[in-house]
Q: 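Dumping the structure here so I can ask a few things about it.
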Protein chains: 2
Amino acid sequence: MAGQQMASSIERRSGVSLWRQIADQILHSIAAGDFAENAALPPEVALAERYGVNRHTVRSAISALVQDGVLRAEQGRGTFVLSRKRLSYPIGARTRFSTGLQGQTSERHIVLLTSATEPASQRVAEGLGLARGTEVIRLETRGEADGRPVSRAVAWYEAGRFVGIDAAMAETGSVTASFKRFGIDDYLRQSTVLSARHADAADLADLNLQPGAIVLVAVAVNVTPDGRPIQFAETRFPAERVELKLSAL
Amino acid sequence: MAGQQMASSIERRSGVSLWRQIADQILHSIAAGDFAENAALPPEVALAERYGVNRHTVRSAISALVQDGVLRAEQGRGTFVLSRKRLSYPIGARTRFSTGLQGQTSERHIVLLTSATEPASQRVAEGLGLARGTEVIRLETRGEADGRPVSRAVAWYEAGRFVGIDAAMAETGSVTASFKRFGIDDYLRQSTVLSARHADAADLADLNLQPGAIVLVAVAVNVTPDGRPIQFAETRFPAERVELKLSAL
DNA sequence: AAAATTTGTCTAGTGATATAGACAACTATA
DNA sequence: TATAGTTGTCTATATCACTAGACAAATTTT
């Protein structure tokens, strides 16, 4: 299927403009490793012919990718691939942000965006095994690798048990290190549910995405080794930059 | 975040039309359980106001969902939700199509779409641990639950070892049963890599999707208990109808 | 019966998307 | 230097997407 040639056709009057569909396919093609770093894209006329559209339509697609930092166009020479392959984010029993991306990036860290205390919604309460309305701390964070945003998480913690976890996160930039301050040396992932959808406005802003991008959404519960829930989190990954690798749970 | 209200704004001049963005959000809202089955959607004027668009734009979104069988509109009364929640497809060490959906659907089966023998591409050869160019059998299948397509898979098997597996699949409609004929009573999932993208033309046709829909893509290797690869597969799930639940591996 | 609410249809106008063609500007090669 | 190949810019036109307003048709409530 996606292996070698793959006709990759384009849908008209679909609600998704042709230039965006073409941009998506080029992006996917790059992520799949069809182009080496710094390799030249086929010339605009060739792409236009392949997709059966006007050259200007291809130019719109390329222009979006240039603005997104994926391609660089040089007049008279060609259009060249800048970005590397997708990061492979491992998900398993001991899913850790930093450890998981080791070897794929030279630098990675977590930025605390906002924090607040609020009563637990039905969904959060269920995830943490609390009564609805119990006070919980909500932390919104962004994961960055080599300066590029690769995840955006909203996590909830029982407020009574984790007083000051927001400060710990801001200070350490690590979930694992923050838990250590509360005497939790190990934690496991109890459940993960995955879905995908178009990025909303907040995703676009926080993850520096172009409108129309797709995000992978993971809803997870982390527990202590004896099975008590300590964190309920919804994490969004930009599908164009990240794939999820399921490892042994 | 996605819990209670969620402003869920809309992006203009994004390459994705407003009506499609709104259709996606309504679909997601239904899948998230915001509406009971047969419940009425808010009236068109209210939706138009919420999203900050013209009523006609909302009508385009609703019209697409009506055609997709998700909503039913009745003049003078309102617009009503037809479809149920998303199926939750479990992925773990022993991922089986039929067993996994038990309890969520009354009926499910696999349809063999096409089969062919071909030399293994680089990607397939790596997955199966074969030399590039080795003959492999390619089977394309569709998974259906209660009459609705819920997955579309392309799977490769070593041709020398699995002579006649296409016939076995067509006959039994089950991967597990087909493997039994080759003396394989148990198999495990070695690895799974997940991504998401817009559905291509083939996905739209085989999964009966509307253009612009999103598919979750799982690339997996299945192995015998002693670790020998027997199947390399790429499966696509319509994100609007299926979520993936990661269970213990 | 009347009024209110809701979906269905129509017309008209505006802006974004896509097509078509031509030519300029720049680079590499013969 | 000349030629071929490539990206950049311009004009013009057609179609799709969205807005705006009005009214019809069906249903429910008063």
Side-chain angles (χ1 to χ4, degrees), chain A residues 8-26 35 38-82 198 201 210-212, chain B residues 9-26 35 38-82 198 201 210-213:
Chain A
S8 300
S9 50
I10 291 291
E11 294 294 315
R12 284 168 190 271
R13 62 185 67 89
S14 66
V16 183
S17 63
L18 300 186
W19 65 262
R20 170 142 292 282
Q21 293 183 58
I22 292 170
D24 282 350
Q25 295 208 0
I26 292 175
F35 300 96
N38 281 325
L41 223 59
E44 294 169 352
V45 278
L47 289 173
E49 193 172 357
R50 173 188 301 182
Y51 291 115
V53 300
N54 191 275
R55 181 181 154 228
H56 293 295
T57 307
V58 168
R59 283 180 60 74
S60 297
I62 289 176
S63 149
L65 294 175
V66 166
Q67 205 168 7
D68 199 27
V70 175
L71 299 175
R72 181 187 66 246
E74 291 181 31
Q75 186 169 354
R77 296 194 65 218
T79 305
F80 302 90
V81 175
L82 287 175
H198 283 122
Q210 296 292 101
Chain B
S9 49
I10 292 292
E11 293 295 313
R12 301 181 106 91
R13 65 184 65 89
S14 66
V16 181
S17 62
L18 301 186
W19 65 262
R20 170 142 292 283
Q21 293 183 60
I22 292 169
D24 282 351
Q25 294 207 2
I26 291 175
F35 300 97
N38 281 324
L41 223 61
E44 294 169 352
V45 279
L47 289 173
E49 194 172 357
R50 173 189 302 180
Y51 291 116
V53 300
N54 192 274
R55 182 182 152 226
H56 294 294
T57 307
V58 168
R59 283 180 60 75
S60 297
I62 289 176
S63 150
L65 294 175
V66 166
Q67 206 168 7
D68 200 27
V70 175
L71 300 176
R72 181 187 65 246
E74 290 180 32
Q75 185 169 356
R77 296 195 64 217
T79 305
F80 303 89
V81 176
L82 287 176
H198 283 120
Q210 295 293 103

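Nothing here was measured: the structure is a model prediction, and the numbers come from that model. Residue numbers start from 1 in every chain, and the chains themselves are labelled A, B, ... in the order their sequence lines are given, proteins ahead of strands.
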Q: To the nearest 0.5 Å, what is the distance between CD on B:Gln67 and CG on B:Leu71?
A: 12.0 Å
Q: Between A:Gly78 and A:Gly15, which is nearer to the 5' end of DNA chain D once each is assigned its nearest nucleotide?
A: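 On the 5' side of the pair lies A:Gly78.
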Q: Within the structure shown, what part of the strands sits under 4.0 Å from A:Val53 by heavy-atom distance: base, sugar-phosphate, or nothing?
A: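 Here A:Val53 touches the backbone only, sparing every base.
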Q: Using whole Å, report how far CG of A:Leu47 lies from P of C:dT19.
A: 14 Å
Q: Could you check how far CZ of B:Arg20 sits from C1' of C:dA16, rounded to whole Å?
A: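 Spelled out: CZ on B:Arg20 to C1' on C:dA16 is 18 Å.
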Q: To the nearest 0.5 Å, tell me how far A:Gln21 CD sits from A:Tyr51 OH.
A: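 Those atoms lie 10.5 Å apart.
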Q: Show the numbers, then the answer: is there a side chain to side chain contact (heavy atoms under 4.5 Å, CB included) between A:Ile22 and A:Val53?
A: CA-CA 10 Å; A:Ile22 292 170; A:Val53 300; 3.8 Å; yes
Q: Taking all heavy atoms of A:Pro42 and all of A:Arg50, pick out the closest pair and write down the distance.
A: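 What the structure gives for the nearest pair is CG-NH2, 4.2 Å.
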Q: Does a nitrogen or oxygen in the side chain of B:Arg77 sit under 4.0 Å from OP1 or OP2 of D:dT28?
A: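 Yes, because at least one side-chain N or O of B:Arg77 sits under 4.0 Å from OP1 or OP2 of D:dT28.
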Q: Return the nearest nucleotide to the side chain of A:Glu44; candidates are D:dT7, D:dT19, C:dT7.
A: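 When the side chain of A:Glu44 is considered, D:dT7 is the closest of D:dT7, D:dT19, C:dT7.
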Q: Find the distance B:Tyr51:OH to D:dT19:C1' and express it as a whole number of Å.
A: 19 Å
Q: Is it the case that over 12 heavy atoms from other parts of the model lie below 6.0 angstrom from the CD atom of A:Glu49?
A: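 For A:Glu49, atom CD is not crowded (no more than 12 foreign heavy atoms under 6.0 Å).
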Q: D:dT7 C1' sits how many Å from A:Leu65 CG, rounded?
A: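 Going from A:Leu65 (CG) to D:dT7 (C1'), I get 16 Å.
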Q: To the nearest 0.5 Å, how far apart are CG in A:Leu41 and CD1 in A:Ile26?
A: 5.0 Å
Q: Which one, D:dT6, C:dT7, D:dG8, comes nearest to the side chain of A:Pro43?
A: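 Closest nucleotide to the A:Pro43 side chain: D:dT6.
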Q: As a test of reading the structure: which of D:dC18, C:dA24, C:dA18 is closest to the side chain of A:Trp19, going by heavy atoms?
A: C:dA18
Q: Rounded to the nearest Å, what distance is computed from the CD atom of residue A:Gln75 to the P atom of nucleotide D:dT7?
A: 10 Å
Q: What donor-acceptor contacts under 3.5 angstrom involve side-chain atoms of residues 56-65 of chain A, with partners at least two apart or in another chain?
A:
residue: A:Arg59; atom: NH1; partner: A:Glu44; partner atom: OE1; Å: 3.4
residue: A:Arg59; atom: NH1; partner: A:Glu44; partner atom: OE2; Å: 2.9
residue: A:Ser60; atom: OG; partner: A:His56; partner atom: O; Å: 3.2

Q: Given atom CG of B:Leu41 and atom P of C:dT5, what is their separation to the nearest angstrom?
A: 19 Å
Q: Nearest-Å distance, CG (A:Leu18) to C1' (D:dA17)?
A: 13 Å
Q: Does anything in residues 54-61 of chain B come within less than 4.0 Å of DNA chain C? Heavy atoms only, and list the residues if so.
A: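 Nucleic-acid contacts, sorted: B:Arg55, B:His56, B:Arg59.
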Q: Starting at the 5' end of DNA chain C and moving along, which residue's nearest nucleotide shows up first, A:Val16 or B:Ile62?
A: B:Ile62
Q: How close or far is atom P of D:dT7 from atom CZ of A:Arg72, stated in whole angstroms?
A: 13 Å
Q: At less than 4.0 Å, is any side-chain N or O atom of B:Ser17 found next to OP1 or OP2 of D:dC16? Yes or no.
A: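 No, B:Ser17 has no side-chain N/O under 4.0 Å of OP1/OP2 on D:dC16.
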